[in-house]
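I have placed the structure first, in the form of structure tokens, so that the comments after it can refer back to it.
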Protein chains: 2
Amino acid sequence: MAQQPLHFTLDRTSPVPLYFQLSQQLEAAIEQGVLAPGSLLGNEIELAGRLGLSRPTVRQAIQSLVDKGLLVRRRGVGTQVVHSQVRRPLELSSLYDDLEAAGQRPATRVLHHGTEPATAQVAAALGVPEGTEVRYVERLRLAHGEPVAHLRNHLPAGLLDAGADALAETGLYRLMRSAGITLHSARQTIGARAATAEEARLLGEPEGAPLLTMERTTFDDTGRAVEFGSHLYRASRYSFDFQLLARP
Amino acid sequence: MAQQPLHFTLDRTSPVPLYFQLSQQLEAAIEQGVLAPGSLLGNEIELAGRLGLSRPTVRQAIQSLVDKGLLVRRRGVGTQVVHSQVRRPLELSSLYDDLEAAGQRPATRVLHHGTEPATAQVAAALGVPEGTEVRYVERLRLAHGEPVAHLRNHLPAGLLDAGADALAETGLYRLMRSAGITLHSARQTIGARAATAEEARLLGEPEGAPLLTMERTTFDDTGRAVEFGSHLYRASRYSFDFQLLARP
DNA sequence: GAGTGGTCTAGACCACGGC
DNA sequence: CCGTGGTCTAGACCACTCT
């Protein structure tokens with residue numbers, strides 16, 4: 001468990017905060033196995049002195065990795081690298097990015113694209129009066145040329161003016177971020193049901209095949225609902241896969 | 001948006017940290033609507049002065065609520081209460097606790113309970129050699145007397161010595177926490193498939209009915225796998241419902 | 001320019017775990 | 001007992017946003 005002192009390089013002229021420079025280098029050391037799982041980090045005071053930083057700054061760097069689940073602190077013991085392989089926790093990510101990260105070559109077919117009056121369900125989700133004109137987008141998502149999901153999204157009018165070609169090329173979340181929208185949180189429900197004849201045809205499944213359903217409302221940091229989605233996934237080709245961290 | 005000064009009471013003799021006392025009272029004020037959504041919190045320096053605290057302490061209290069998604073900070077503007085109704089993010093919770101919190105009167109029927117040699121899948125998940133004797137528990141979870149889920153769990157031998165009666169009365173996570181195990185993270189996969197004849201019979205569904213599946217491996221803070229679960233939920237009576245926060 | 005949060009310092013004392 | 005992280009102070013300067 002004994003640790004030879006790691007070397008960190010800090011650039012005080014950089015606009016990157018010192019605690020962030022340190023946490024990045026620590027994280028890299030953990031991921032590359034330079035800091036073995038279970039090994040102790042060395043106490044904070046000594047580390048601060050060695051780096052020429054104050055203890056609160058070092059603590060801030062360590063804390064950010066504790067929040068990520070990479071480190072565990074124990075009073076009277078020290079700070080240890082977690083043993084288990086931590087993958088990323090569930091993020092506010094889009095299916096497109098997930099598929100791309102998995103090397104699945106995502107593609108999108110835009111089936112529908114225009115405005116519609118909001119139904120009661122959509123109006124409630126977006127927080128607008130029923131009947132308000134809202135943007136409606138219906139897409140089929142493919143991976144390796146095979147249908148994976150049928151995506152139906154409603155957005156407040158005027159929020160995003162992406163055309164069909166932009167929608168075909170990338171994910172909705174990426175488009176919203178590019179438009180300067182800061183995504184803050186989302187409320188999701190994941191369930192399952194049997195495919196109707198129409199859904200089966202679209203997704204290339206037999207009628208009655210089990211489908212995963214997800215409904216999601218996404219909010220920006222002002223509390224505005226920016227998107228309501230109602231999606232269907234082929235259970236035979238897709239599952240939700242994620243990591244949870246305990247809330248201490 | 002102007003805010004009349006809120007009153008907070010801090011007890012310096014309490015073992016509860018000052019930042020935590022403050023964050024709890026802030027959270028209560030937000031939840032009770034005393035701090036309206038969108039309202040500004042007042043600047044940190046003034047708040048610190050009024051409470052007789054240092055600014056870092058006040059910042060720590062505020063930061064914990066930002067992490068929970070209740071507050072948003074904007075440089076040059078101030079700290080605001082988030083507009084949207086934030087429910088809790090996805091937690092490391094057990095079905096039992098979820099059902100109980102929803103007022104569903106959960107009950108458990110223990111179907112099986114003993115030790116078994118680990119299959120390849122179980123061995124890989126728990127990080128033990130294949131064939132090692134592991135604890136196996138099979139339960140049926142009911143709500144309002146109706147089956148909701150079929151739960152199969154594998155645990156390392158010797159980790160938990162709960163009897164069938166304890167398993168019938170509460171959830172597995174609660175038992176593990178009582179046994180001094182600190183849950184740290186879990187890896188989950190949620191999917192769907194059609195029910196086999198046997199599964200349909202157990203859950204009171206027609207054969208071929210869509211079921212939600214979840215596989216989960218849970219780790220404690222030393223990185224040990226403490227549980228591998230393979231669960232089936234009736235899609236007609238259960239869905240996963242949760243809130244995500246953006247990772248800034 | 002005024003006001004806000006973002007970062008950082010150099011100390012201090014306390015609580016808990018292991019020896 | 002000693003060493004660890006947990007909490008807290010009283011300042012400082014910077015970066016960003018709004019008017």
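Letters A, B, ... mirror the listed sequences (proteins, then strands); counts begin at 1.
- Between A:E44 and A:R59 there is a salt bridge, with a side-chain nitrogen of the basic residue lying less than 4.0 Å from a carboxylate oxygen of the acidic one.
- Of the residues in residues 11-22 of chain A, not one comes within less than 4.0 Å of DNA chain D through any heavy atom.
- Looking only at atom types and distance, the side chain of B:Q63 has a donor-acceptor partner in the side chain of B:R73 under 3.5 Å away.
- Along DNA chain C, the nucleotide nearest to B:G76 and the one nearest to A:R55 differ in position, and the one closer to the 5' end is contacted by B:G76.
- The span of DNA chain C lying next to chain A, judged by atoms under 4.0 Å from heavy atoms, is bounded 5' to 3' by C:dT7 to C:dG17.
- The residue among A:V58 and B:Q63 whose nearest nucleotide of DNA chain C lies closer to the 5′ end is B:Q63.
- Heavy atoms of B:R74 sit under 4.0 angstrom from primed sugar atoms or phosphate atoms, though from no base atom.
- For B:Q60 and B:P56, each mapped to the nucleotide of DNA chain D holding its nearest heavy atom, the one lying further toward the 5' end belongs to B:Q60.
- Ionic pairing of B:K68 and B:E27 is present here: one or more N-O contacts between side-chain nitrogen and carboxylate oxygen are shorter than 4.0 angstrom.
- Judged by distance alone, the side chain of A:D220 and the main-chain N or O of A:G223 form a donor-acceptor pair under 3.5 Å.
- An OP1 or OP2 oxygen of D:dT4 is reached within less than 4.0 angstrom by a side-chain nitrogen or oxygen of A:N43.
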If you apply the rule side chain to side chain contact (heavy atoms under 4.5 Å, CB included), what do you find for B:T119 with B:H154, and how did you get there?
CA-CA 10 Å; B:T119 63; B:H154 292 264; 5.9 Å; no
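- Contacts of B:G52 with the nucleic acid, taken as non-hydrogen atoms under 4.0 Å apart, involve only primed sugar atoms and P, OP1 or OP2.
- Remark: the B:R141 side chain and the B:T108 side chain contain an N/O donor-acceptor pair separated by less than 3.5 Å.
- Atom CD1 of A:I62 is separated from atom C1' of D:dT4 by 12 Å (rounded to the nearest Å).
- Classification of B:R135 and B:E227 as a salt-bridged pair fails, no side-chain N sitting under 4.0 Å from a carboxylate O.
- For B:F219 and B:H184, the distance between ring centers is not under 6.0 angstrom.
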